[in-house]
Each structure stands twice: as structure tokens, then as C-alpha cells.
Amino acid sequence: MIKKLLPDYTVKNVAVLDEKFYTERAIKAVIFDIDNTLVAHTEPTPPENVLEYFALLDKWDIKYAIVSNNSIERVDSFCKELGVPYYGKALKPRKKYLKKVMNEMKVTTDETALVGDQLFTDMLGANLLGLCSVLVTAVGEDETSFVSFKRRFERKILENNKEKLTEYTR
Ligand SMILES: [Mg+2]
């Protein structure tokens with residue numbers, strides 16, 4: 001069970017994931033979480049640095065999509081201008097919407113990475129499907145006390161399994 005919570009890779013932030021990371025692993029698509037992954041939960045729309053990173057993905061011919069557990073309203077306002085598939089209220093680690101976006105992007109589980117900041121939702125969801133799971137260091141503050149509470153368990157799990165973690169650096 002613990003194994004399913006652990007990421008294949010850890011990164012300090014999304015921008016560390018360069019073209020080499022994707023090509024060496026034959027990854028053709030990335031599913032991103034939003035809150036504390038791409039931005040702090042207080043950012044209503046994608047800031048310049050996120051748009052720049054998405055432009056790089058376009059250039060590298062890597063498809064991307066967004067699957068968030070946050071409200072439909074939050075996810076709509078963040079994603080509507082991006083022109084990529086997205087789902088809010090996705091209830092990760094449930095597989096349903098992860099599978100849906102992969103279908104829309106026409107990619108297989110082997111070709112897909114999931115980038116997120118939480119073990120119990122993002123990493124578990126990715127690992128249950130056999131995606132490449134990438135854990136980012138959380139951006140910004142936690143939105144709710146429930147998230148901070150979970151975060152304490154997550155830190156303990158990561159600390160106890162330090163030797164099994166692989167940080168990707170350029
Ligand atoms: Mg998150």
C-alpha cells in the first residue's frame with residue numbers, strides 16, 4: 001500500500017521537467033494537478049511562468065491536460081483559456097477522469113506522467129493506473145486544515161521512505 005503512495009520521481013518544481021525527462025522515458029503526455037502543483041491555491045488564472053512552461057510543452061510536442069479535485073468553478077476559471085482537456089471535482093485517486101483525459105489525448109498509460117503535490121490523491125491515482133508519478137514540492141500555503149493535516153502524514157511517509165525516492169534534476 002505504501003508503495004502505491006510513493007512517486008517515481010520527485011522534483012523541486014514543475015519547470016525542472018525538461019525535454020530530456022520526457023523523451024528519455026517515452027512520455028508523450030502530462031496530466032497536471034493545479035493547486036500547490038502549478039500555482040498556489042490563491043492564483044485564479046495561470047501566471048506567466050506556467051504559460052511559458054506550457055509553451056515549452058507545445059514546442060516539445062508533449063500533450064498536457066489538467067485534472068483537479070478542486071471545484072468545477074475554480075478549475076474552469078484556471079483552464080478555460082488553455083485549450084486543453086480538463087476536469088474539476090475529479091475525486092483523485094479515482095481513475096475515472098484520469099482515464100477520460102488520456103482518452104481525449106489519445107495516449108496510453110505507459111506514455112503518460114502525472115504531476116502533483118499530494119501522495120493520497122495524485123501519486124496514488126497515478127500509481128494505481130501505472131502512470132509515471134511525479135511529486136512536486138508544494139507551491140504556496142495549504143488551502144484547508146485538512147490538507148495540512150494530510151501533509152504531516154505525507155511528510156512522515158516520505159521521510160520513512162527516503163531511500164526509495166529519486167529526485168529528478170537537470
Ligand atoms: Mg494539489
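Counting starts at 1 for both ligands and their atoms, following the listed order. Remember, predicted model here, so these are calculated numbers, not experimental data. The figures that follow rest on heavy atoms only: side chains count, while hydrogens, waters and symmetry mates do not. Count residues from 1 along the sequence.
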Item to check | K28 and D61 ion-paired at < 4.0 Å | outcome: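 Between D61 and K28 there is no salt bridge, as every charged N stays at least 4.0 Å from the carboxylate O atoms.
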Return a table of donor-acceptor pairs under 3.5 angstrom between the side chains of residues 77-86 and protein atoms on other chains or two or more places apart.
unit_1	atom_1	unit_2	atom_2	d
S77	OG	P44	O	3.3
S77	OG	R74	O	3.4
Y86	OH	D76	OD1	3.0

Item to check | Non-neighbouring partners of E167 that pass side chain to side chain donor-acceptor pair (under 3.5 Å), sequence neighbours left out | outcome: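 If we apply the side chain to side chain donor-acceptor pair (under 3.5 Å) test to E167, skipping adjacent residues, the hits are K12.
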Next on the checklist: Under the rule for side chain to side chain donor-acceptor pair (under 3.5 Å), what residues qualify as partners of K4, not counting sequence neighbours?
Outcome noted: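 Partners of K4 under the side chain to side chain donor-acceptor pair (under 3.5 Å) test: none.
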Checklist entry - Which atoms of the protein, restricted to N, O or S, are nearer than 2.8 Å to the Mg ion (ligand 1)? => result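 Near the Mg ion (ligand 1), the protein supplies D33 OD2, D35 O, D117 OD1.
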Checklist entry - With a cut-off of under 6.0 Å to the ring centre and 45° to the axis, is R151 in cation-pi contact with F146? => result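 No; the conditions do not both hold, so R151 does not lie above the ring face of F146.
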Item to check | Donor-acceptor contact present, side-chain K63 to main-chain M105, <3.5 Å | outcome: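 Flag set: sc K63 to bb M105 pair under 3.5 Å.
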